[in-house]
Each structure stands twice: as structure tokens, then as C-alpha cells.
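Throughout, protein chains are lettered first and strands after them, A, B, ... in sequence-line order, and every chain is numbered starting at 1.
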Amino acid sequence: MKKKIRVRFAPSPTGALHIGGLRTAFFNYLFAIQNQGDFILRIEDTDIRKNTKYSIEYILKALKWCKIKVNEGYNHRGEFGPYIQSKRIKIYKKYLKILKKKKLIYYSFESKDELKKYKINNKNFIYNSLTRYKLKNSLSKNNNKKTINYYLKNKKYVIRIKTPKNKDIIIKDKIYGNIKINTNNIDDKILFRSNDTPTYHFASVIDDYLMNITHIIRGKEWIYSSPIHILIYNNFKWKLPKFIHLPLLLNNKGGKISKSKMVKNKIPIHPINYNKLNINNSYKSNGFLPNAFINILALLGWTPKNNKEIYSFKEIIKLFNFKNINKSDVHLNYNKFRWINKKYLNKISNKYYYKYLKKKIKSNIFNLYTKKKINKIINLTKNRISLINEIWDVSSYFFLNPKTYFIPTNIISYIKDNKKKIILLLNKFIIILKKNKKKTDINYNDIIKKLSIFNLKLLRISIVGKLIGIDMYNILSLIKTKIIIKRIINFKNFIISQYKI
RNA sequence: GGCCCAUUAGUCUAUUGGUUAGGACGUCAGAUUUUCAUUCUGGAAAGAGGGGUUCGAUUCCCCUAUGGGCUACCA
């Protein structure tokens, strides 16, 4: 029987999970679903920091918003727990002992500062088989037993892995192919810190083994630490999992994704807002739909070869394949993200827009319109936007009187040349509107058709404030007559004062 | 600096030895439209540079350049 495929998403809770981590999570999730495997969430908190608690909360919330369903792990069921590394220290110690017996690890006594100094004086220094015998550690010949015992007793040591000398380690990566790294170029990485806690390298390998992880899908930044992981597997004589490294995400200028940079570029990097971590710019807050965001995530490094951009979740699952993941790093293209979101926006029901508008608009103004009318406004405006928030931008003139008028220069000169005519025209409007209290009595189409283009533009400016928006017929028939009259009067007064009539 | 990875238009990418180098976002133009948008049609726009291998190279190899990653008692 074939072994069940098990993958894990193993974020470290050191700040808010961003689009890069989410992409990794999503690809793991896809692979699990495709193979009826397990998708495990493991929290890698071997390094304890300030915001651990909130960061974990955020991971859970973010995954939920992206509809990524964990079926085993932290905060979920599972028989391989605990799924948080700070609660597994005992386990790591147990496995450390095994390596100790096999003499595959050793104690190293340099303090952080000592090593720093050493590195400054010795360029290209690497702590490994080529140098370790000259340094302060339990393998070195420089130290006598007394000094060694001193450090051991006082627990002033870290535990390092003993990497072999001049050995090529080959990482068989499903995306990048075989990558050869010589052990002379890698450090004897620290496995246990002086505070008796494991480092990521050790903890994650032990966990991956104990949790029966079959495929390690993670960002490319991990390629260079893979030899250490492989070495640990080999030391235990455990079967290696498959490695799949994903291309990195870069911002639109080719730099690393980071909060400060992305805010400048106005590209959100976080999925949702979260006050406790000070996240107030996100895909959700910018008006992205979860389904669109999933589509965006999928296309971050993955290209199905059929010249399509919009994929439902089902299609993604059907088509997803590591063969179609490209090797070069991915630049985020916010314009394209918006375009993808637009495609999804076109499909959703009006109630989402309705909800948004209701929240946005003061109730006394919102209630001027019946639900039917709001729906009509939505229907007429929704095809103009690519983010749900923008429904307000394209419909605000239904709810707010124009505060200022944006009049193009050619219209200004038209006004100046035809002052009296225009005032007459506006007055005429007002009279017609006042006469007919019920909308149905007014044939707006007739009025509009009789107007010259210039006059029609003027009418639009008087009601909308600028030359944008849906057709005048619908604007006039949707807004209450009383309000239209008011707006026209305002505009008339504006012209009179502005152009001294 | 050392080691590792990548390099097709502004961006995401297709094409793994023979193509008018295909698609998408963006951009530009035209059509539709009472304005603005939408929509539709069309255009411009690419193989980093230099060497090989080959009848032939975007595709294979080497060098250079550029970008990125790792080089923490961070993950």
C-alpha cells in the first residue's frame, strides 16, 4: 500500500503571516487535497518572542479567511501532538541523546560575542570540519578536560551537528532539480541553544519525522539549510521526505516583501486586518474577495499551461501540479490582482454590496432609498469597480450632494458664453420638477433627448459634481425629486456667484 | 566576500533545438456610450551580454552581468 501523503505548514509565530507564507500554506493544502492526504498545521515557536500569542491567532484567522482547512495540528485534532514546538522540548532532548551516543554532535563553548569577533578577524569563516578543531569545543584538541568540564558544568555551551568533511550533499528538489552543496561550505549548525532549547533545524526535522511528513513544501529560502536537515535524517537513518522548494515572492520593484516597502507601494501583504498586530492594510480591507485571493495565491509561481487566468478552487485542485511551478521569483502585480478580483466581483450577489453600502452610509441618508432602489443602483454601478470598497466611489453621488464642482475648461467657457441661457434652462428644470411631485409624471428621457451635449453635461455636473457616473436617465429617476431640485438650485447659485451674472 | 538559485516585453508567463516567439495584466488607438467607466476590436512592446556545441539555438554547455537567497544561540 502506498504511504499516505502528509504535508505540513509550519509557520513561526513571529509577526503577522503574510501573502508569502499563505502561498506556501495554500500549495501544501492543494497537494494534500489532491492526494487525499493530510494537511497539518504546526507552530514553530522554538524562539519565543513578544507577539507569539497574537501571531498564532492571526495564522488561524488568516487561514480561515483564505478557506484553507487544516485537518490536523495545532488547535485541531491529531494523534501526533502537541503541534506546537515549545511543548515538545522533551522529545527533542530524547532524540538529541541518540545523536550524542552516536557521537554525531558536539559541544561548542564560544559565546556569541567571541564568535562574532572571530568572524571579523577570519573572513569567510565557517564553523565546520575545516575549522572546528582549532576552536573551543569538545572536539578540539586545544582544550583540556578541565576546561571542558567547566563549560559543561556551567552549561555554557551550545550543541552543534558534526558535519562531514568535503561531502557533496544532493538535494533532490521536485522543482529545482538536483542541487549539490558541499559540506565544506556549510556550518556545523547549532541544534540546541545554551538555554536548552532546540533550534528550528533540529526541531523541524524531528517533528517532520515523528509526524510522518512525506513532502516538505516550503519557500526557496530554505534550500541552503536543506543539507543540514538531510544530514540529521541520515544520522538517524530515517527515510528522507521529498523536498519541494517554492520560488520567492518579491514586491513590484524586485525587493523582498516587507511591510514598510509594501505600504509605500500600496500593495497589501497581509490577508486580513488585525489590531493586535497593528495590521491595518490587507487584501480584505482593500476589498478583495476570498475566492479571488485564492486565485491570486494559486498564480503566485504556478502557471497552468492553458492561457487562462481565472480558476475556481475546483479547477485549481484539478490542474495543480509541481511541474508547472516556475523557478524564478515572483513579482507581485497589484494591477493584475485587482483585475482578477473584478472578475470575481462580477459574479457575486448584490447583498455583499448592499451590506457594504449600508455600513458605509449614514442610516438617515441610506434610508432615503428603498431596498429595490439600492439594488438598482448596485446593478448599474457594480461593473465599474474592481474592489468591493469602490462601490462607494462609484455610487456616492446618489447619497451625497456635490461639495465642489469639477468643470472642464471647455464647459467653463461654454458657461461664460451662455450665462443667461443656462440660468433659464436650470430654472426651467426646477419648474418642471416642482410641478411633478411623482416621478412617474416626468418623462426624463424626453427631457434628456432635447438637450444639447453641453447642457446635458451641465445637468450632470449640477447633480453629480463632475463628469462621471451612469447615464443621466437613471440618475434622475433614482434620486428623489426634492434632492435633485436642491442640487440644481445649489449649482445655479454657484454659477451666479462664480461667474458674476 | 563565500556558497546556492534564477534571468523571454513594464509585470506574470507559454514555447524544453527548426514557431510570423503565444496568452494575460498594464499601456496606446479605434468602435459602442448623453459624460465617465464597462464591453468589443486592433496596435506597440521580449529571449541580459559574450563565447561555444549544432545544418540550425530562446531552448544544451561555459564565462560575464544583473537580480534573489543563505552565510544568527531567527525561522
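- The base of U38(B) lies outside donor-acceptor range of the side chain of Asn383(A), with no N or O pair under 3.5 Å.
- For the P atoms, the distance linking G42(B) with U34(B) amounts to 24 Å, nearest Å.
- Comparing U8(B) with G2(B), their C1' atoms sit 31 Å apart, to the nearest whole Å.
- Using cut-offs of 30° and 60° on the angle between ring planes, the pair Phe494(A) and Phe491(A) is parallel.
- Atom name C1', nucleotides U58(B) and G47(B): the rounded distance is 5 Å, in whole Å.
- Across all strands, Asp329(A) comes closer than 4.0 Å only to sugar-phosphate atoms, never to a base (heavy-atom distances).
- If you take atom P in G67(B) and the same atom in A72(B), they sit 22 Å apart, rounded to whole Å.
- One can find a donor-acceptor pair under 3.5 Å joining the base of C73(B) and the side-chain atoms of Ser194(A).
- Within 4.0 Å of Glu114(A), counting heavy atoms only, lies no atom of the nucleic acid at all.
- Nucleotide G1(B) is matched to U71(B) when pairs are restricted to Watson-Crick or G-U wobble geometry with both distances under 3.5 angstrom.
- Distances were taken from every side-chain heavy atom of Leu250(A) (C-beta onward) to each of G10(B), G68(B), G23(B); the shortest belongs to G68(B).
- A side-chain donor from one of Asp471(A) and Asn474(A) sits under 3.5 Å from a side-chain acceptor of the other.
- Ring geometry for His229(A) against His201(A) counts as tilted: the plane angle lies between 30° and 60°, on a 0 to 90° scale.
- A31(B) and U39(B) make up a base pair, with Watson-Crick or G-U wobble contacts both under 3.5 Å.
- A cation-pi geometry, defined here as NZ or CZ lying under 6.0 Å from the six-membered ring centre and within 45° of its normal, does not hold between Arg42(A) and Phe9(A).
- Figure legend. A6(B) is base-paired to U66(B); pairs are counted as Watson-Crick or G-U wobble with both atom distances under 3.5 Å.
- Checked by distance alone, Lys327(A) brings no side-chain donor or acceptor within 3.5 Å of a matching partner on the base of A6(B).
- For the C1' atoms, the distance from C62(B) to A24(B) is 35 Å, rounded to whole Å.
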